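Take a look at the structure below.
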Amino acid sequence: MKKSLFITFEGIEGSGKSTQIALLAEYIKARGYEVTVTCEPGGTTVGEAIRRILLNPEFAEMDYHTEVLLYAADRAQHVAELIMPALNKGNIVISDRYIDSSIAYQHFGRGMPLDLIMDVNDRATQGLKPNITFLLVVPTELGLSRATQVKADRIEQESIEFHTRVEAGFQELAAKEPGRWLVVDGTRSVDEIHQVVVEALEPFL
Ligand code: ADP
Ligand code: TYD
């Protein structure tokens with residue numbers, strides 16, 4: 001079945017986005033729809049190369065303008081090469097992060113001007129907005145402890161205060177646009193969260 005629908009998942013690292021996306025993709029497939037699962041930064045070959053620059057902990061000197069523009073460059077490629085073509089084919093697209101991550105991390109986290117981020121991202125995305133965005137809310141310490149890998153990447157290395165500003169930023173965005181966002185308690189079990197996500201999505205299917 002064909003259904004052009006753009007779903008995004010947002011939240012701090014370790015909030016459970018990839019876990020829920022995998023379950024949701026299976027659910028959508030079982031309902032008979034074609035689904036494209038992707039993520040930012042990355043999702044395309046060019047995006048993977050940009051991702052390696054963005055997350056490299058050796059690039060501590062990266063200017064915040066550079067950071068904003070690289071995330072937007074990754075997104076431009078992602079929208080043009082993957083997301084728009086998939087939606088045009090009638091696929092449901094699920095992306096692990098999108099423009100709201102730039103607002104939460106680069107505006108609320110880094111303090112970069114919102115109008116700069118909106119301007120470059122409006123151009124990068126050709127105005128494409130998600131139909132529905134799930135925000136998985138977990139306390140910062142819990143998310144970061146779940147996300148802890150062998151070596152933290154350039155963004156994960158930031159302070160607890162930085163990640164707490166990002167989390168508060170996500171919640172502010174969700175409160176401003178309740179028609180698009182669904183805020184989910186990410187401390188519940190994987191299955192409970194999946195049920196909430198599926199119920200919220202049902203009217204769109
Ligand atoms: P993200 O993609 O947001 O970084 P992940 O889905 O990779 O998060 O989850 C990070 C870690 O937390 C993984 O080890 C995952 O198994 C675990 N996890 C995910 N969701 C839950 C949950 N609801 N309860 C407990 N652990 C979870
Ligand atoms: P990733 O390993 O994909 O984290 P996660 O599994 O939590 O999604 O790393 C992506 C990192 O990039 C993450 O720390 C959030 C950050 N980020 C931004 O700062 N701005 C953005 O626009 C995007 C898409 C991600």
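Just so you know, ligand 1 is whichever comes first in the structure, and atom 1 is the first atom listed for that ligand. Everything quoted here is computed from the prediction, not taken from an experiment.
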Have a look at ligand 1 and work out which part of Arg188, if any, has a heavy atom under 4.0 Å from it: side chain, backbone, both or neither. backbone

Interfacing atoms of ligand 2 (cut-off 4.0 Å, heavy-atom, Gln106): 18 (C), 19 (O), 20 (N), 21 (C), 22 (O)

The one among Tyr105, Phe9, Tyr71 that brings a heavy atom closest to atom 12 (O) of ligand 2: Tyr71

For ligand 2, is there an atom lying under 4.0 Å from some heavy atom of Glu156? no

Return the option from Glu13, Arg51, His107 holding the heavy atom at the smallest distance from atom 13 (C) of ligand 2. Glu13

Among Arg110, His78, Arg97, which one has a heavy atom closest to atom 7 (O) of ligand 2? Arg97

Counting from 1 in the order shown, the ligand 2 atoms closer than 4.0 Å to a non-hydrogen atom of Asp96 are 8 (O)

Can you give me every donor-acceptor pair (side chain of residues 14-25, partner residue at least two apart or in another chain, under 3.5 Å) with its distance?
residue: Ser15; atom: OG; partner: Ile12; partner atom: O; Å: 2.7
residue: Gln20; atom: OE1; partner: His194; partner atom: N; Å: 3.3
residue: Gln20; atom: NE2; partner: Val190; partner atom: O; Å: 3.0

Ligand 1 to Ser18 polar contact by distance, N or O atoms, under 3.5 Å: yes

Distance-only polar pair, side chains of Thr8 and Ser95, donor-acceptor under 3.5 Å: no

Atom 14 (O) of ligand 1 touched by protein heavy atom at under 4.0 Å: no

Measuring from the heavy atoms of Arg75, does anything fall under 4.0 Å of ligand 2? yes

Residue selection (non-hydrogen contact nearest atom 9 (O) of ligand 1) among Leu144, Thr19, Leu136: Thr19

Gly11 near ligand 1 by a heavy-atom separation under 4.0 Å: no

Side chains of Gln195 and Glu199, donor plus acceptor under 3.5 Å: no

Check ligand 2 against Ser102 and write out every atom of the ligand that is under 4.0 Å from a heavy-atom position of the residue. 21 (C), 22 (O)

Measuring from the heavy atoms of Pro41, does anything fall under 4.0 Å of ligand 2? yes

What I want to know is whether Ser189 and ligand 1 share at least one N or O pair that is separated by under 3.5 angstrom. no

Any donor-acceptor pair under 3.5 Å linking the side-chain atoms of Asn121 with those of Arg75? yes

Are the ring centres of Phe6 and Tyr98 closer than 6.0 Å? yes

Within 4.0 Å of some non-hydrogen atom of Lys17, the atoms of ligand 2 are 5 (P), 7 (O), 8 (O)

Does the protein put any heavy atom within less than 4.0 Å of atom 22 (C) of ligand 1? yes

Run the side-chain hydrogen bond (donor to acceptor under 3.5 Å, both in side chains) test against Ser101 and tell me which residues pass, sequence neighbours left out. Glu10, Arg97

Ranking Val190, Asp191, Leu142 by closest non-hydrogen atom to atom 20 (N) of ligand 1, top hit is Val190

